[in-house]
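Just so you know, residue 1 is the first one in the sequence shown, and it goes up from there. Small disclaimer: the values here were computed from a predicted structure and weren't measured.
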Amino acid sequence: QVQFVESGGGLVQAGGSLRLSCAASGRTFSSYTMGWFRQAPGKEREFVAAISWLGTRTNYADSVKGRFSISRDNAKNTVYLQMNSMSPEDTAIYYCAAEKGARLGVFARDYDYWGQGTQVTVSS
């Protein structure tokens with residue numbers, strides 16, 4: 001089993017940027033597809049981005065395409081989410097998650113392990 005700890009969340013003004021990190025424990029990090037999800041108050045958890053084992057394939061929600069970028073460093077057991085041109089609609093708790101398969105799934109049920117989340121707040 002693998003565990004994750006997210007960091008990098010905080011308060012940013014509209015138009016600003018943040019980079020989230022998700023550090024994994026365990027030796028099998030490089031075998032997982034990794035994803036980022038977010039959940040705003042009163043809303044369901046939604047897919048943001050996913051990246052394949054080697055980082056050669058990515059998938060993004062339409063709402064973040066061109067603004068967010070997912071990457072990973074398997075040597076550091078870490079996955080990142082670079083968020084640019086942020087808007088108040090990006091305010092949410094952001095979670096990283098690991099998928100045992102290679103689907104780059106867009107549903108929360110596709111993922112097997114989750115971090116505890118990090119709060120991101122974008123002010124207008």
Side-chain angles (χ1 to χ4, degrees):
Q1 189 168 343
V2 62
Q3 295 180 324
F4 302 99
V5 178
E6 297 99 333
S7 61
L11 175 64
V12 64
Q13 289 187 334
S17 299
L18 281 176
R19 188 175 84 153
L20 304 182
S21 299
C22 172
S25 63
R27 301 180 181 178
T28 59
F29 172 78
S30 61
S31 66
Y32 292 111
T33 292
M34 294 299 298
W36 285 96
F37 284 75
R38 65 187 182 186
Q39 188 166 16
K43 295 187 177 180
E44 294 188 354
R45 193 168 297 190
E46 67 172 359
F47 171 75
V48 175
I51 188 167
S52 60
W53 303 346
L54 295 178
T56 54
R57 294 187 297 134
T58 57
N59 190 21
Y60 293 94
D62 288 343
S63 59
V64 306
K65 279 181 181 177
R67 301 189 300 122
F68 290 12
S69 178
I70 188 171
S71 60
R72 67 190 295 163
D73 185 338
N74 288 339
K76 295 182 178 180
N77 281 7
T78 302
V79 62
Y80 304 96
L81 184 68
Q82 177 66 45
M83 304 184 292
N84 299 325
S85 302
M86 299 183 72
S87 71
E89 289 70 35
D90 296 318
T91 295
I93 299 174
Y94 283 70
Y95 300 89
C96 67
E99 176 197 328
K100 293 180 181 179
R103 291 168 291 181
L104 276 69
V106 300
F107 300 105
R109 64 176 180 264
D110 295 328
Y111 291 77
D112 303 284
Y113 304 110
W114 292 83
Q116 84 289 349
T118 185
Q119 177 70 48
V120 171
T121 303
V122 185
S123 63
S124 57

Hey, is the main chain of [Y] close enough, under 3.5 Å, to the side chain of [X] for a donor-acceptor pair?
X: Q13; Y: S124; value: no
X: T91; Y: E89; value: no
X: E6; Y: Q116; value: yes
X: N74; Y: W53; value: yes
X: Q39; Y: I93; value: no
X: Y32; Y: S52; value: no

To the closest 0.5 Å, what do you measure between [atom1] ([X]) and [atom2] ([Y])?
X: Y113; Y: M34; atom1: OH; atom2: CE; result: 12.0 Å
X: S123; Y: L11; atom1: OG; atom2: CG; result: 5.0 Å
X: T118; Y: L81; atom1: OG1; atom2: CG; result: 11.0 Å
X: I51; Y: R57; atom1: CD1; atom2: CZ; result: 10.5 Å
X: T33; Y: K100; atom1: OG1; atom2: NZ; result: 13.0 Å
X: S7; Y: R19; atom1: OG; atom2: CZ; result: 9.0 Å

### Message
Is there a path of hydrophobic side-chain contacts, each under 4.5 Å between heavy atoms of I/L/V/M/F/W/Y residues, joining Y95 to F29?
### Response
no
### Task
Identify whether V122 and W36 are in the same connected component of the hydrophobic contact network (ILVMFWY, side-chain heavy atoms under 4.5 Å).
yes
Does any non-hydrogen side-chain atom of [Y] lie less than 4.5 Å from one of [X]?
X: F4; Y: S25; result: no
X: R103; Y: D110; result: yes
X: D73; Y: Y80; result: yes

### Query
ring-ring contact (aromatic ring centres under 6.0 Å, His included) between F47 and F37: does it pass, once the steps are laid out?
CA-CA 5 Å; F47 171 75; F37 284 75; 5.7 Å; yes
### Message
side chain to side chain contact (heavy atoms under 4.5 Å, CB included), that's the test. Do Q82 and L18 meet it? Break it down for me.
### Response
CA-CA 6 Å; Q82 177 66 45; L18 281 176; over 6 Å; no
Heavy-atom closest contact ([X] atom, [Y] atom, distance):
X: L104; Y: E99; result: N-OE1, 3.3 Å
X: Y60; Y: A49; result: CD2-CB, 3.6 Å
X: M86; Y: V12; result: SD-CG1, 3.9 Å

#### Entry: Among V48, I70, V79, V120, the one residue meeting side-chain contact (heavy atoms from CB on, under 4.5 Å) with L20
V120
### Task
Using only heavy-atom distances, determine whether the side chains of N84 and S17 contain a donor-acceptor pair under 3.5 Å.
yes
### Task
Using the six-membered ring wherever Trp is involved, compare the ring planes of Y94 and F68 and label them parallel, tilted or perpendicular (cut-offs 30° and 60°).
tilted
### Task
Any chance you could lay out the side chain to side chain contact (heavy atoms under 4.5 Å, CB included) test for R45 and R38, step after step, and finish with the verdict?
CA-CA 6 Å; R45 193 168 297 190; R38 65 187 182 186; over 6 Å; no
### Query
Does CD belonging to Q3 count more than 12 external heavy atoms closer than 6.0 Å?
no
